[in-house]
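Below: one structure, written as structure tokens.
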Amino acid sequence: MAETKKDIKALSVWDDAQKMLEKAEREGIETAWDRLLQQRPHCKFGDSGVCCRICTMGPCRISKKSPLGVCGADADVIVARNFGRFLAGGAAGHSDHGRDCIEAFHAVAYGHTQDYVISDSEKMVRIAQELGIKTDGRDLMDIARDLSEEFLESFGSRRHEVAFVKRVPEVQRKKWQELGIVPRGVDREITEMMHRTHMGCDNDAPNTLLHGLRMCLADGWAGSMIATELSDILFGTPKPRTSKVNLGVLKKDQVNILVHGHNPIVSEKILEAVQDPDLVALAKEKGASGINLAGLCCTGNELMMRKGIPMAGNHLMTELAIVTGAVELIIVDYQCIMPSLVQVGKCYHTKMVTTADKARFTGAEHVRFDMANGLEQAKKVVRMAIERYPLRNQERVEIPSSPVELMTGFSVEAILDLLGGSLTPLIEAIKAGNIRGAVGIVGCNNPKYQHDYCNLNLTRELIKRDILVIVTGCVTVAAGKGGLLVPEAAKEAGSKLQAVCQALQIPPVLHMGSCVDNARILQLAALLANELGVSISDLPLAASSPEWYSEKAATIGTYAVASGIFTHLGHPPNITGSQTVVDLALKGLDDLVGACFCIEPDPFKAAELIDRRITQKRRALGLSD
Ligand code: XCC
Ligand code: SF4
């Protein structure tokens, strides 16, 4: 093993990551971990959220010596405004992704594309009916046109509530009405947050944060939920299937293409293109035995859930995937794509291709995708990848580890199917304590932690306590690599959960999709609450994002809490400079919406906190511990 200055084992729990970190070090390639060291120590003002840059009388920093900004804003106002804008970034990300799904669906409905079709018309009709659109005897495309218009209304400012507020249990909805936080339209709530946080506008921290709840609810119950439902309608509703995960899914003798980003609109077309016989023949002509497609981050989750495409890694594995030297091309849409991928790619033969005009990277090649040219562009990109195969230096290729099997595809529909069409068996299992509760562990990686240590250990701790875990986003890869996404993992669960898993032949950790698919968790929670005639906040549920980093993760956490789900975070957002904001997040929200945040970096202690909350909720429902 090469001499290394860093303690590489302390950086990631995974063998594939450690091997690639060693290789990166040998080859002089910088990664996120190196840059984190260069950035340390972090600025304390920024870290606690008391640096204000929203006007040019400043920038102002709050300290004992200067407790007010030039305009007179105090730490509470500055922290709340900064956090409000942080949440707005997250809501905008998911929801603009949702809008792109509507535009694709709209193009299909109006016949403006041949490249996309309606794959699950049964689901489309069901949702149209749910939203009050007439379906009897109507042409499918007529229904699709009405549904696309209805979804666009959830983004605008003409409605008093977004369409899927209908799904929210009544008690919760009443709380929102009393607080004035029923989400109206995605764009409206985001714009209003930007307005409120302009200098001299909303100067009352709790008031700003209440709007934060409303805006995040618009993301969860509209932007993200629409993204999920329409992706299912366009590309198929996920069903249980198996796949594989870790860097071992890359193939030494094949053209390797990675899809990275979030939206399935581009990656689904790449999947089609890699199956094109002419392109496969071309790959063989160039000396490869075939074309291999694998996913990263959330677009990887989308393809894995619906098509079983293997997953190469999560957020912190994206640079390391290129370090294998085996990747011909990485094609991205948007979000969570480190700009460093361009530089790392240039150290090998790896080409980076961008596809969205709103997410370009200097040094990458831009191949613009639109609804009408998706497949054609996808084929062009796959051809580029094949052309790069002869440029690969096989001596520099190192593919660590062999892939781990996993099971994916647990949409709400799939779960209902498994249960024989009704939630009753699940409710009975919860009542009997065979499933003591359920926790959605979601979100990211962050190099401030040992990579996936918390994601993995929190998951393990909870299933031991007979708590069913649901994963989405980058936690999926952690659970998958840890062998927790297969039915055999039931042996790691408590004896009661183990029995349930064995009876249903399911893993104790269910993969429900990408980050926008956290909307599936909301929907499942709402269905359970409605079935029991209680509020979501009465259920023995929790959410957690142990290693989060992104604005989107904070937005998800906020809509989970506002929906009544107790939410754990490994570390706080940049809000610690305001006691008012911290108190509201950790306590005050509980009285307002029936749930709050808790912060705990240690996954074992976090499991304890979550367990305690679940026990409380069980007792309140009159159920045994
Ligand atoms: Fe991004 Fe969604 Fe986080 Fe992963 S989990 S690092 S947000 S890819 Ni969404
Ligand atoms: Fe400073 Fe107030 Fe301007 Fe912020 S808004 S930079 S606190 S003067």
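Here, residue 1 is the first one in the sequence, and each next residue gets the next number. For ligands, and for the atoms within them, numbers begin at 1 and follow the listed sequence.
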Inset, instruction - May I ask you to check whether Phe164 and Phe151 place their ring centers less than 6.0 Å from one another? - result: yes

Inset, instruction - Could you tell me which atoms of ligand 1, counted from 1 in the order shown, lie closer than 4.0 angstrom to a heavy atom of Cys474? - result: 4 (Fe), 5 (S), 6 (S), 8 (S)

Legend entry - Sub-4.0 Å atoms of ligand 1 with respect to non-hydrogen atoms of Cys297: 8 (S)

Legend entry - Closest protein heavy atom (residue, atom, distance) for atom 1 (Fe) of ligand 1: Cys336 SG, 2.2 Å

Inset, instruction - Would you mind listing which atoms of ligand 1 come within a distance below 4.0 Å of any non-hydrogen atom of Lys552? - result: 7 (S)

Inset, instruction - Report the part of Trp548 in contact with ligand 1, treating N, CA, C, O as backbone and CB onward as side chain, heavy atoms under 4.0 Å; options are side chain, backbone, both, neither. - result: neither

Inset, instruction - Run through the protein N/O/S atoms less than 2.8 Å from atom 3 (Fe) of ligand 2 and write them out by chain and number. - result: Cys55 SG

Legend entry - For Cys298, atoms of ligand 1 separated by under 4.0 Å from a heavy atom: 2 (Fe), 8 (S), 9 (Ni)

Legend entry - Atom indices of ligand 2, in the order listed, that fall short of 4.0 Å to a heavy atom of Arg81: 4 (Fe), 5 (S)

Legend entry - His262, portion touching ligand 1 at heavy-atom distance under 4.0 Å: side chain

Legend entry - Residue Cys444 vicinity, atoms of ligand 1 by number, heavy atom under 4.0 Å: 3 (Fe), 5 (S), 6 (S), 7 (S)

Legend entry - For Cys515, the ligand 1 atoms whose distance to one of its heavy atoms is below 4.0 Å: 2 (Fe), 5 (S), 9 (Ni)

Inset, instruction - Please could you name the atoms of ligand 1 that Ser550 approaches to less than 4.0 Å, counting only its heavy atoms? - result: 7 (S)

